[in-house]
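Some notes on the structure that comes next.
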Amino acid sequence: LLIKEFDKCPAQIITAFQGAHSEQIFNIMRPPSSSNRALDWLWYPNSKEENWDNFTSNYWKAISSIPGKARHAGYNMAIIGKLPRRWINLHLRLMRMTMILRILPQRTKIQTRVPIPKPKPGETRPLSLLHDDMCFILGFITKHYTLRCEEIKLFPPSIRAYRQGMSTSFITLLHSKRRIVNSYKIRQSGCFRI
């Protein structure tokens, strides 16, 4: 609507629209001509075994762990760890194929919705339980790329969400500690502030 009737818009909206589509914004949003090698995808059919080592070791931890969080249909990767070795090897091959193809199998995309009660009577909010294979793959990829983004200092200091040592709780803890220390110093000096 805005673009079709651009000439009918007030001058303030036209100026804001032009500013949002300026050459300067275009250059800021333009992807770099060459990407950083740290962000390359490592998992191909012909990848070296060292590229798979971290994935495989995390896989073995997952299938030998004690089941933790609830997952879709009660399935947990620890179930795979109880199977004969040939079935484990088959599942590992399927997980590696998922990484190579970058496509999750349709069965892993199914979710279970569980209603969680809220304080008001009769109110609920849905909680989604995901398939454990999907959680493993997505968790592994997220951890890998989060570390790479930190290594190459991709994020500016102003972005703090989901970064280790920079979460809101960490900042709040530092702020609380500072207030406690300052309060203690004030009490020691004999000056009380309200």
Side-chain angles (χ1 to χ4, degrees), residues 31-32 34-119 123-174:
S34 62
S35 64
N36 194 308
R37 304 300 300 175
L39 300 177
D40 284 352
W41 189 259
L42 301 176
W43 305 280
Y44 292 100
N46 58 353
S47 294
K48 297 175 184 166
E49 203 54 42
E50 62 207 37
N51 292 340
W52 288 104
D53 288 345
N54 193 20
F55 181 82
T56 306
S57 68
N58 278 297
Y59 175 82
W60 282 102
K61 285 180 201 168
I63 67 168
S64 21
S65 66
I66 297 169
K69 297 177 182 174
R71 295 288 184 223
H72 168 72
Y75 167 75
N76 192 290
M77 282 181 61
I79 294 168
I80 302 297
K82 307 269 187 230
L83 297 175
R85 182 59 187 248
R86 67 179 182 202
W87 291 100
I88 293 172
N89 290 343
L90 178 63
H91 187 254
L92 177 58
R93 284 182 64 194
L94 287 171
M95 297 295 273
R96 285 175 70 146
M97 287 302 295
T98 300
M99 292 292 286
I100 290 167
L101 297 172
R102 302 183 213 183
I103 300 172
L104 287 162
Q106 192 63 38
R107 290 271 183 191
T108 66
K109 296 178 185 177
I110 301 170
Q111 303 176 16
T112 303
R113 298 241 182 209
V114 178
I116 303 295
K118 291 187 86 173
E123 276 193 35
T124 60
R125 101 180 146 76
L127 175 70
S128 294
L129 302 180
L130 302 176
H131 195 281
D132 206 30
D133 288 356
M134 178 181 180
C135 292
F136 172 77
I137 295 283
L138 297 180
F140 177 79
I141 293 169
T142 302
K143 185 176 180 180
H144 172 79
Y145 282 111
T146 300
L147 292 173
R148 296 303 161 272
C149 289
E150 291 295 339
E151 283 174 9
I152 63 172
K153 299 183 183 349
L154 182 66
F155 304 121
S158 59
I159 296 178
R160 297 182 118 23
Y162 305 106
R163 294 177 70 190
Q164 188 152 2
M166 294 188 185
S167 67
T168 306
S169 56
F170 183 75
I171 294 167
T172 306
L173 181 65
L174 288 177

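No experiment lies behind these values; they were computed from the predicted model shown.
Closest heavy-atom contact between Ala38 and Ile152: CB-CG2, 3.7 Å. Taking every heavy atom of both residues into account, Cys149 and Leu39 meet most closely at SG-CD2, 4.1 Å. The minimum heavy-atom distance between Trp60 and Ile88, with the atom names listed, is CH2-CG2, 3.5 Å. The two residues Pro45 and Ile100 make their nearest non-hydrogen contact at CD-CG2, 3.5 Å.
Listed by chain and number, the residues in a salt bridge (charged side-chain N to carboxylate O under 4.0 Å, His left out) with Glu123 amount to none (sequence neighbours excluded).
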What side-chain donor-acceptor pairs closer than 3.5 Å can you find for residues 134-146, not counting sequence neighbours?
| from | atom 1 | to | atom 2 | distance (Å) |
| --- | --- | --- | --- | --- |
| Thr142 | OG1 | Leu138 | O | 2.7 |
| Tyr145 | OH | Asp40 | O | 3.2 |
| Thr146 | OG1 | Thr142 | O | 2.6 |

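Residues Arg71 and Leu129 have side chains not in contact (no heavy-atom distance under 4.5 Å, counting atoms from C-beta outward). Side chains of Thr98 and Ile103 form no contact here, defined as non-hydrogen atoms less than 4.5 Å apart. Residues Ile79 and Ile63 have side chains not in contact (no heavy-atom distance under 4.5 Å, counting atoms from C-beta outward). Side-chain atoms of His131 and Gln111, non-hydrogen and from C-beta on, never get closer than 4.5 Å to each other. Put simply, the side chain of Thr124 does not reach to within 4.5 Å of the side chain of Ile116, judged on heavy atoms.
Side-chain contact of Asp133 with Tyr75: a donor-acceptor pair under 3.5 Å is present, judged by distance alone. Inspection of the Asn89 and Arg85 side chains reveals an N or O donor paired with an N or O acceptor under 3.5 Å.
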- Task: Begin with the C-alpha distance, continue with both residues' side-chain angles, and end with the deciding distance and a verdict on side chain to side chain contact (heavy atoms under 4.5 Å, CB included) for Tyr59 and Met77.
- Result: CA-CA 9 Å; Tyr59 175 82; Met77 282 181 61; 3.6 Å; yes
- Query: Can you check side chain to side chain contact (heavy atoms under 4.5 Å, CB included) on His72 and Leu130, steps first, answer last?
  - Reply: CA-CA 5 Å; His72 168 72; Leu130 302 176; 5.7 Å; no
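For the atom pair CD1 (Ile80) and OG (Ser64), the distance works out to 12.0 Å, reported to the nearest 0.5 Å. We find the CE-CG distance between Met97 and Leu92 to be 12.0 Å, quoted to the nearest 0.5 Å. The structure places CG of Asn58 at 11.0 Å from CG of Asp53, a figure rounded to the nearest 0.5 Å.
Side-chain N or O atoms of Asn51 include none that pairs as donor or acceptor with a backbone N or O of Ser47 at under 3.5 Å.
Around CD of Glu49, the count of heavy atoms belonging to other residues, nucleotides or ligands within 6.0 Å exceeds 12. More than 12 heavy atoms of other residues, nucleotides or ligands lie within 6.0 Å of CH2 in Trp41, so this atom counts as buried by the packing criterion.
For the pair Arg96 and Trp52, the cation-pi criterion (under 6.0 Å, within 45° of the ring axis) is fulfilled.
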